[in-house]
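Let me begin by presenting the structure, written as structure tokens, before commenting on it.
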Amino acid sequence: MKRALITGITGQDGSYLAEFLLGKPNYEVHGLVRRSSSLNRQRIDHLFGPDAPGRDRLFLHYADLADASSLAAIMELIRPDEVYNLGAQSHVRVSFDQPLYTADVVGLGTLRLLEAVRHLNRNHPVRFYQASSSEMYGSAPAPQGPNTPFHPRSPYACAKLYAHWQTINYREAYNLFACSGILFNHESPRRGESFVTRKVTLGATRIKEGLQKRLVMGNLESKRDWGFAGDYVRAMWLMLQQDKPDDYVVATGETYSIHDLLDKAFGLVDLDYRDYVDFDERYMRPSEVDVLLGDATKAREVLGWKPEVDFHGLIKMMVDNDLELARREKHARTFPGS
Ligand code: NAP
Ligand code: G4F
């Protein structure tokens with residue numbers, strides 16, 4: 001039985017990765033969770049359900065990337081074979097408001113975890129995956145691939161770049177099996193509500209059901225290479241199954257603007273977004289990343305990875321999910337207590 005440790009298991013990617021690994025009969029999955037005043041385990045609750053495959057192989061532990069002692073203790077307790085570092089303050093706009101906190105959790109948090117992994121690796125081989133980000137490319141011209149120089153444009157991106165280089169340094173200095181996946185934007189019905197795709201699919205469907213009148217947005221000109229999170233966690237796992245550790249870009253190779261996203265999501269519920277969208281300065285960033293478009297040739301050739309869900313399929317999946325949520329909310333409002 002292989003033991004995997006996931007930081008960020010309560011997040012979008014953590015929940016898909018846990019599901020993916022538990023779907024394999026030879027994995028025990030350990031997730032790191034933070035103490036919070038109320039439980040926020042909605043994305044992984046179903047994994048503990050009576051019919052969930054591997055529910056008896058899933059374990060949660062309290063720890064925090066800000067707390068080196070908790071990471072060291074967990075590493076010794078679990079002695080994982082694979083560590084997936086997905087935990088982060090992952091919102092770019094928020095990182096401008098909380099730059100030091102973001103740097104601590106995203107940058108130093110990764111270093112704390114790498115130290116704990118390095119110590120364990122002295123007597124138990126561990127493979128490490130770092131969730132690097134296409135945000136590290138920032139203003140570098142598209143398309144961005146493994147040889148594109150980085151030019152980060154936010155406190156979040158700078159912190160991710162620090163973590164990225166530490167991961168490479170631990171591989172080179174200590175011979176650690178450490179991989180960095182430079183993942184372009186990936187989304188799903190489990191995406192946090194304040195990221196642009198989910199904000200738009202929630203907004204369009206709630207407007208359709210009469211639960212909301214307007215949608216207030218920031219910059220509509222930027223472009224992103226959006227894929228499906230379920231496809232991207234497969235790439236993370238594949239990286240750790242190779243003979244040699246390396247870094248990979250994971251992307252769809254297609255890019256769309258926020259206008260395109262609005263047009264697609266509202267179009268799926270037969271609405272014209274131009275009738276409903278307002279602008280507010282507060283959603284703008286002090287420095288923006290204009291165009292992200294990834295070149296995932298290496299992931300395709302070496303890992304045999306390719307995305308299975310395209311932009312249309314992704315937005316449709318999210319709209320279908322959010323339409324169902326909106327209909328349930330409307331029903332509950334119309335028939336309270338039913
Ligand atoms: P997400 O939904 O925001 O999830 C972030 C996770 O990190 C949550 O489980 C959160 O726990 C946890 N976390 C936050 N602060 C922590 C701390 N101090 N200690 C331990 N855990 C902490 O993010 P995601 O979209 O799944 O992304 C996963 C990773 O990939 C992140 O590192 C992100 O930066 C990176 N990434 C994401 C994308 C993308 O497009 N999604 C692209 C490239 C890279 P709580 O539930 O307790 O808040
Ligand atoms: O959905 P976003 O907030 O994602 P962003 O900034 O690209 O970051 C995401 O992807 C990164 C990978 O490239 C991850 F590393 C990171 O953790 C995160 O998952 O914004 C996308 C674009 C931006 O250009 C933003 O300015 O949408 C634009 N936008 C326009 N109006 C908006 C809004 N973004 C948000 N969140 N909210 C708006 O109202």
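In each ligand, atom 1 is the first atom listed, and ligand 1 is the first ligand listed.
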Handout entry: Any donor-acceptor N/O pair, Arg93 side chain to Met284 backbone, under 3.5 Å
Key = yes
Practice task
Compute the shortest N/O to N/O distance between Ile258 and ligand 2 and return yes if it is under 3.5 Å, no if not.
Solution key: no
Practice task
Report yes or no: do Tyr170 and Glu115 form a side-chain donor-acceptor pair below 3.5 Å?
Solution key: yes
Problem - Polar contact flag, side-chain donor to acceptor under 3.5 angstrom, Glu28-His30 - result: yes
Handout entry: N or O pair under 3.5 Å between Ala63 and ligand 1
Key = no
Practice task
Could you pull out the closest heavy-atom pair between Ile44 and Ile9, with the gap in Å?
Solution key: CG2-O, 3.4 Å
Practice task
Give the residue and atom name of whichever protein heavy atom lies nearest to atom 23 (C) of ligand 2, and the separation in Å to one decimal.
Solution key: Arg224 NH2, 3.5 Å
Completion exercise
Numbered in order shown, the ligand 1 atoms found under 4.0 Å of a heavy atom of Ser132 are 43 (C), 44 (C)
Problem - Which segment of Leu292 sits under 4.0 Å of ligand 2 when only heavy atoms are counted - result: side chain
Exercise for the section: Flag the pair His91 / Tyr156 as yes when their ring centroid distance falls below 6.0 Å, and as no otherwise. Expected result: no
Handout entry: Lys160: numbered ligand 1 atoms lying under 4.0 Å from its heavy atoms
Key = 31 (C), 32 (O), 33 (C), 34 (O), 35 (C)
Completion exercise
Atoms of ligand 1 under 4.0 Å from any heavy atom of Gly11, numbered from 1 in the order shown, are 2 (O), 4 (O), 8 (C), 9 (O), 26 (O)
Practice task
Report yes if Leu183 has an N/O atom closer than 3.5 Å to an N/O atom of ligand 2; otherwise report no.
Solution key: no
Exercise for the section: Taking atom CG of Asp56 as the centre, report whether more than 12 heavy atoms of other residues, nucleotides or ligands fall under 6.0 Å from it. Expected result: yes
Problem - Any donor-acceptor N or O pair under 3.5 Å, side chains Thr10, Asn40 - result: no
Exercise for the section: Please say whether His186 places an N or O atom under 3.5 Å from an N or O atom belonging to ligand 1. Expected result: yes
Problem - Under 3.5 Å: N/O of Ala66 near N/O of ligand 1 - result: no
Problem - For Phe195, the ligand 2 atoms whose distance to one of its heavy atoms is below 4.0 Å - result: 1 (O), 3 (O), 18 (C), 19 (O), 36 (N)
Practice task
Nearest 0.5 Å please: distance from the CG atom of Leu5 over to the NE2 atom of His61.
Solution key: 7.5 Å
Handout entry: N or O pair under 3.5 Å between Arg43 and ligand 1
Key = no
Handout entry: N or O contact, Asn40 vs ligand 1, cut-off under 3.5 Å
Key = yes
Exercise for the section: Among Tyr232, Phe228, Tyr84, find the one that has a ring-ring contact (aromatic ring centres under 6.0 Å, His included) with Tyr16. Expected result: Phe228
Problem - No-hydrogen, no-angle side-chain donor-acceptor test under 3.5 Å, Asp290 and Ser222 - result: no
Fill in the blank from the handout: A student checking ligand 1 against Ser90 at a 4.0 Å heavy-atom cut-off should list atoms 1 (P), 3 (O), 23 (O), 33 (C), 34 (O)
Handout entry: Ligand-residue contact atoms, ligand 2 with Tyr283, heavy atoms, under 4.0 Å
Key = 39 (O)
Problem - Best match, Ser194, Gly203, Gly218: closest heavy atom to atom 36 (N) of ligand 2 - result: Ser194
Problem - Heteroatom proximity flag, Ser134 to ligand 1, N/O under 3.5 Å - result: no
Practice task
Could you tell me whether the side chains of Asp247 and His164 share a donor-acceptor contact shorter than 3.5 Å?
Solution key: no
Practice task
Consider only side-chain N and O atoms of Thr255 and Asp225, and report whether a donor and an acceptor are under 3.5 Å apart.
Solution key: no
Handout entry: Nearest protein heavy atom with distance in Å, relative to atom 8 (O) of ligand 2
Key = Val92 CG2, 3.5 Å
Completion exercise
shortest atom 24 (O) of ligand 2-to-protein heavy-atom contact is with Ser222 OG, 2.7 Å
Exercise for the section: Please write down residue, atom name and distance for the protein heavy atom closest to atom 11 (O) of ligand 1. Expected result: Thr10 OG1, 3.3 Å
Problem - Under 3.5 Å side-chain donor-acceptor pair for Asn185 and Arg191 - result: no
Practice task
Would you mind checking if Lys298 and Asp246 are paired as a salt bridge, meaning a charged N to carboxylate O distance below 4.0 Å?
Solution key: yes
Exercise for the section: Return yes if a side-chain donor-acceptor contact under 3.5 Å exists between Ser180 and Gln130, otherwise no. Expected result: no
Problem - Those atoms of ligand 1 less than 4.0 Å from some heavy atom in Gln12 - result: 2 (O), 25 (O), 26 (O), 41 (N)
Completion exercise
Closest heavy-atom approach to atom 33 (C) of ligand 2 among Asp280, Val216, Val196 is made by Val196
Problem - Close-contact set for ligand 1 against Asn185 heavy atoms, below 4.0 Å - result: 40 (O)
Fill in the blank from the handout: for atom 26 (O) of ligand 2, nearest protein heavy atom and its distance come out as Glu288 OE2, 2.6 Å
Exercise for the section: Check whether any N or O atom of Leu65, backbone or side chain, sits under 3.5 Å from an N or O atom of ligand 1, and answer yes or no. Expected result: yes
Handout entry: Contact atoms of ligand 2, heavy-atom distance to Ser133 under 4.0 Å
Key = 11 (C), 12 (C), 13 (O), 14 (C), 15 (F)
Handout entry: Where ligand 1 meets Ala131 - atom numbers and elements under 4.0 angstrom, heavy-atom basis
Key = 29 (C), 30 (O), 32 (O), 35 (C)
Problem - Polar contact flag, side-chain donor to acceptor under 3.5 angstrom, Gln212-Tyr276 - result: no
Handout entry: Min N/O separation Gln89 to ligand 1 under 3.5 Å
Key = no
Practice task
Return yes if a side-chain donor-acceptor contact under 3.5 Å exists between Gln12 and Ser188, otherwise no.
Solution key: yes
Problem - Contact atoms of ligand 2, heavy-atom distance to His91 under 4.0 Å - result: 36 (N)
Handout entry: Ligand-residue contact atoms, ligand 2 with Ser134, heavy atoms, under 4.0 Å
Key = 12 (C), 13 (O)
Handout entry: Test item, Met217 contacting ligand 2 (heavy atom, 4.0 angstrom)
Key = yes
Problem - Any N/O pair Tyr156/ligand 2 closer than 3.5 Å - result: yes
Practice task
Kindly confirm or rule out an N or O of Asp13 lying under 3.5 angstrom from an N or O of ligand 1.
Solution key: yes
Problem - Donor-acceptor side-chain pairing of His186 and Asp13 below 3.5 angstrom - result: yes
Fill in the blank from the handout: Closest non-hydrogen atoms of Leu113 and Phe128, given as atom of the first, atom of the second and distance, are CD2-CE1, 3.7 Å
Exercise for the section: Decide if the gap between the ring center of Tyr256 and the ring center of Trp226 is smaller than 6.0 angstrom. Expected result: no
Fill in the blank from the handout: for atom 30 (C) of ligand 2, nearest protein heavy atom and its distance come out as Asn219 O, 3.1 Å
Practice task
Look only at interatomic distance and state if Glu187 has a nitrogen or oxygen under 3.5 Å from any nitrogen or oxygen of ligand 1.
Solution key: no
Problem - is_close_aromatic(Phe150, Tyr137), centroid dist under 6.0 Å - result: yes
Exercise for the section: Considering only non-hydrogen protein atoms, determine which one is nearest to atom 6 (O) of ligand 2 and report residue, atom name and distance to 0.1 Å. Expected result: Arg285 NH1, 2.5 Å
Practice task
Report the member of Val106, Asn185, Asp225, Val291 with the shortest heavy-atom distance to atom 9 (C) of ligand 2.
Solution key: Asn185
Fill in the blank from the handout: Under 4.0 Å between heavy atoms, the region of Ala88 that gets near ligand 2 turns out to be neither
Practice task
Closest by any non-hydrogen atom to atom 19 (O) of ligand 2: pick that one out of His186, Arg191, Lys199.
Solution key: Arg191
Exercise for the section: Enumerate the atoms of ligand 1 whose separation from the nearest heavy atom of Leu32 is less than 4.0 angstrom. Expected result: 20 (C)
